[in-house]
Every structure is written in C-alpha cells, then in structure tokens.
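Single-structure report; data block below.
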Amino acid sequence: MSNIQISAFKLLQHNISMLVFITTAQVIYNRFDVSRRVADKNLGYQRSFVNARIKKIKNYINQDQGIIPNSILVNLEDGKFSYSEVDKLLTLYDAESLGLIIDGQHRVKGSYEANPEFPLMVVATLGLSVKEQARLFVTINQTQKGVPASLYLDLMNLLEGDIEDFDDEGVSTERRATEIAIRLNETDESPLYELIRRTGDAGFGISLSEFVSQIKDYVEPRTGKLASFGFEQQYKIFEIYFRSIKAVFLEQWEDRESYILKTVGFGGIMKAFYEVFNLVIQKYQKFDTENTIKILELVQDFKFDRQNLPSGGGYRAQEKAGEMIVSRLKNAIRDSQEFMVMIGD
C-alpha cells in the first residue's frame with residue numbers, strides 16, 4: 001500500500017471538523033476497519049455483517065443499476081492523514097488501518113462485492129475518541145435500523161463513563177445489571193465466562209439484553225428483592241447461583257442443543273432464582289455454592305429441552321418454566337427427610 005491523495009472539502013458542525021470526499025469502495029473496505037464490540041477488543045462497537053443485507057445491496061448495484069447517494073461515515077485517526085486547506089487535498093497515509101467505519105458498513109461491503117471500483121461519498125470525522133465515536137454511532141442508528149439492545153447496553157460504559165461506586169443512588173438499574181453481566185462474562189472463573197452475547201448477534205449463550213431484563217428487577221436499588229444487599233454482594237449472589245446451576249446441570253450447560261441457556265430455559269432459571277435463594281437461606285442460613293448445590297440437586301433430573309419446557313420464548317413461557325422448576329423443587333423438599341420440620345403446640 002502507498003499514500004493516497006484525494007480532493008476533499010472541510011466543514012465544521014458544532015465544533016466537529018469533517019472532511020467530505022469521494023473514493024472507491026475498495027479503498028474504504030481495505031483501509032478502514034469494520035469493527036464491532038467484542039469481549040477482547042474495546043475499540044469496536046459496530047454490528048457485525050448481515051449477509052442478507054450485503055447480498056441485497058450487491059444485487060441492487062449490479063442487477064438494478066442502483067446508486068448509493070448517501071455518504072459513508074468514517075473516523076480518521078490522528079497521525080494517519082494530512083489535509084491541505086490551500087489545495088483542498090487529503091492525504092491518506094500508508095497504514096494498516098486509517099480508522100473505523102462509524103456508519104455504512106453494509107453499503108461498503110455490498111458495493112465492494114458488486115464492484116471494488118464503485119465510487120462512494122465519504123464523510124470523515126477527524127480524530128474522535130472511542131467514546132465520541134460510540135455516541136455518534138448510537139445516535140445515528142437509533143433513528144435508522146436501531147442499535148441492538150445488547151450492543152447499546154454494552155456501550156453504556158463508553159457513553160456514560162466509568163463508575164467507581166455502583167451503590168451510588170445516581171447509578172441506573174440497567175447500568176447495575178449490565179455491570180453484573182459484563183463481569184460474569186469477562187471473569188475467567190465465572191460460570192458465564194464468554195456466554196453472554198454483547199453485540200446483538202445470534203449464537204450460543206444468552207444475550208446481554210435478555211440477561212439484564214431478567215435481573216434488573218432484583219437489583220433495583222429501592223424496590224428490588226435484593227435491594228438490602230450492596231452491589232458487590234448482589235454480584236456475588238448471582239455468581240454463586242449460576243455456578244451452582246452449572247455444577248448441577250453441567251451436561252446440559254455444555255450442550256449447545258440444550259435450552260438451559262436459551263430464552264425460555266434461562267428465563268425459567270431466573271424466575272426460580274428468588275425461591276431457590278430463600279430456600280438456601282432458610283435451610284442453611286448461608287448462601288454459598290455448596291448449600292445452593294444441595295438444594296438444586298433435589299431437581300437435578302430436570303430437563304431443559306423442547307419436550308419438557310413450554311413452547312415459545314416469551315414472558316409467559318419463561319414464567320411457566322420457572323413455575324415448573326419451583327414446583328418440582330417444593331415437591332422434592334416435601335418428600336425429603338432432611339427438610340422435615342417439627343411442629344408443636
């Protein structure tokens with residue numbers, strides 16, 4: 001690769017400098033990153049490619065003689081370009097990556113597959129921080145295709161900044177729940193390590209938006225069922241619960257065909273959580289992994305599969321799945337000699 005020189009015009013909107021120019025789909029595709037938010041890469045925040053959309057754009061250009069009149073939005077990183085106001089000339093330096101595509105990744109990929117030399121209009125912001133790019137990405141996509149709920153939640157730490165004290169009354173319930181999910185997903189020893197999908201993509205594991213939806217009522221700081229516990233205690237409670245679930249249902253936990261980490265199964269586990277929590281406290285006066293496993297082992301033959309769970313993945317199906325788990329658990333306790341209670345006058 002070598003330096004590329006392109007005619008460009010500069011404009012300023014609300015103190016944000018931008019350059020407007022025309023280049024080929026190939027230049028954009030080869031010189032800019034199409035990134036997304038993933039667990040081991042903090043720079044990305046884009047949705048991943050949707051092949052159906054790319055194919056549609058490719059066919060639109062090649063078969064329908066279509067045009068792409070709207071611009072691609074990119075960010076040029078500092079030190080990787082220069083611009084001459086006098087000559088109206090942008091120089092893109094020889095670099096592995098000039099920056100990120102903030103908006104228009106599918107148009108770029110579809111155009112590139114249709115014809116690498118297809119010309120595209122580009123608007124480039126200059127040297128924005130990752131936080132500023134993420135905010136711009138969310139703002140644009142909230143009015144278009146929409147940011148996947150999981151991806152938006154995952155971007156909250158970029159958009160809102162770091163939080164030192166999650167017990168502060170100004171921290172939203174969603175942010176608390178999201179932080180618990182992210183810690184569980186990123187900690188090597190966590191039972192949910194890399195099992196919480198943070199970008200909105202389909203795949204194995206539970207989506208971040210579903211996880212947050214399931215736990216946020218428990219961690220709401222005023223009315224949540226775990227409101228009497230501090231944030232770190234709440235995190236520990238959920239870590240213990242999922243570690244115990246994994247230990248008791250290990251074979252199903254690791255089976256990609258199992259429904260245990262799909263919406264209806266996971267929803268059932270979460271609907272049953274507070275009953276399990278209370279049973280452990282009542283029986284052992286201590287909520288830890290060992291005691292929680294003892295309780296869950298009473299229903300260790302419960303099957304998280306299509307034949308056993310209610311159909312669908314909506315709230316009613318999740319609620320019914322939770323009721324099934326709790327009912328089985330209470331029946332097992334009633335029949336267990338270990339849980340017998342003496343009643344006298």
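In summary, the side chains of Glu210 and Ser213 do not present any donor paired with an acceptor at a separation below 3.5 Å, with no hydrogens or angles considered. Under 3.5 Å, the side chains of Thr292 and Tyr284 contain no donor-acceptor pair of N or O atoms. Judged purely by distance below 3.5 Å, without hydrogens or angles, the side chains of Arg243 and Thr289 pair a donor atom with an acceptor atom. Between the side chains of Tyr193 and Glu189, no donor-acceptor pair is found at a separation under 3.5 Å. Judged by distance alone, the side chains of Asn3 and Thr91 never bring a donor and an acceptor atom under 3.5 Å apart. For the 3.5 Å distance criterion, the side chains of Gln234 and Arg176 qualify, holding a donor opposite an acceptor. Side chain to side chain, Asn75 and Thr125 meet the donor-acceptor criterion of an N or O pair below 3.5 Å. Donor-acceptor pairing under 3.5 Å is lacking for the side chains of Tyr235 and Arg183.
By the 4.0 Å N-to-carboxylate-O rule, Arg316 lies close enough to Glu319 to be salt-bridged with it. A salt bridge does not link Glu323 with Lys320: every distance from a Lys NZ or Arg NE/NH1/NH2 to an Asp or Glu carboxylate oxygen is 4.0 Å or more. At a threshold of 4.0 Å, the pair Lys303-Asp305 does not count as salt-bridged, since none of the basic side-chain nitrogens sits closer than that to a carboxylate oxygen. Under 4.0 Å is where a charged nitrogen must lie from a carboxylate oxygen, and between Glu113 and Lys109 at least one such pair does. A salt bridge links Lys10 and Glu85; the closest N-O separation between the charged side-chain nitrogens and carboxylate oxygens is under 4.0 Å.
Using a 4.5 Å cut-off on side-chain heavy atoms (C-beta onward), Asn185 and Leu192 make no contact. For the pair Leu184 and Phe211, the minimum side-chain heavy-atom distance is below 4.5 Å. Ile333 places a side-chain heavy atom less than 4.5 Å from the side chain of Leu298. Residues Lys88 and Tyr83 are in side-chain contact: their nearest non-hydrogen atoms beyond the backbone lie under 4.5 Å apart. For the pair Val74/Leu100, no side-chain contact is recorded, criterion being any heavy-atom separation below 4.5 Å from C-beta on.
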Please step through side-chain contact (heavy atoms from CB on, under 4.5 Å) for the pair Phe302 and Leu309, ending with a clear verdict.
CA-CA 10 Å; Phe302 188 90; Leu309 293 175; 4.0 Å; yes

Would Lys216 and Glu220 count as a salt bridge (charged side-chain N to carboxylate O under 4.0 Å, His left out) here? Give the steps.
CA-CA 6 Å; Lys216 66 180 182 180; Glu220 208 286 327; over 6 Å; no

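Using cut-offs of 30° and 60° on the angle between ring planes, the pair Phe242 and Trp253 is tilted. Ring planes of Tyr274 and Phe277: parallel class, angle under 30° (limits at 30 and 60°).
With a 6.0 Å cutoff to the six-membered ring centre and a 45° limit on the axis angle, Arg256 counts as a cation-pi contact of Phe204.
Under a 3.5 Å cut-off, the side chain of Tyr60 and the backbone N or O of Ile67 do form a donor-acceptor pair. Looking at Arg107, its side chain does come within 3.5 Å of a backbone N or O of Ser71 through a donor-acceptor pair.
Taking CZ of Phe238 as the reference point, atom CD of Gln214 lies at 10.0 Å (rounded to 0.5 Å). Taken to the nearest 0.5 Å, the NZ atom of Lys80 stands 12.5 Å off from the OH atom of Tyr93.
For Tyr241 and Phe273, the distance between ring centers is under 6.0 angstrom.
Taking every heavy atom of both residues into account, Ile325 and Ile269 meet most closely at CD1-N, 4.0 Å.
Within a 6.0 Å sphere centred on CD of Gln285, other residues, nucleotides and ligands contribute more than 12 heavy atoms.
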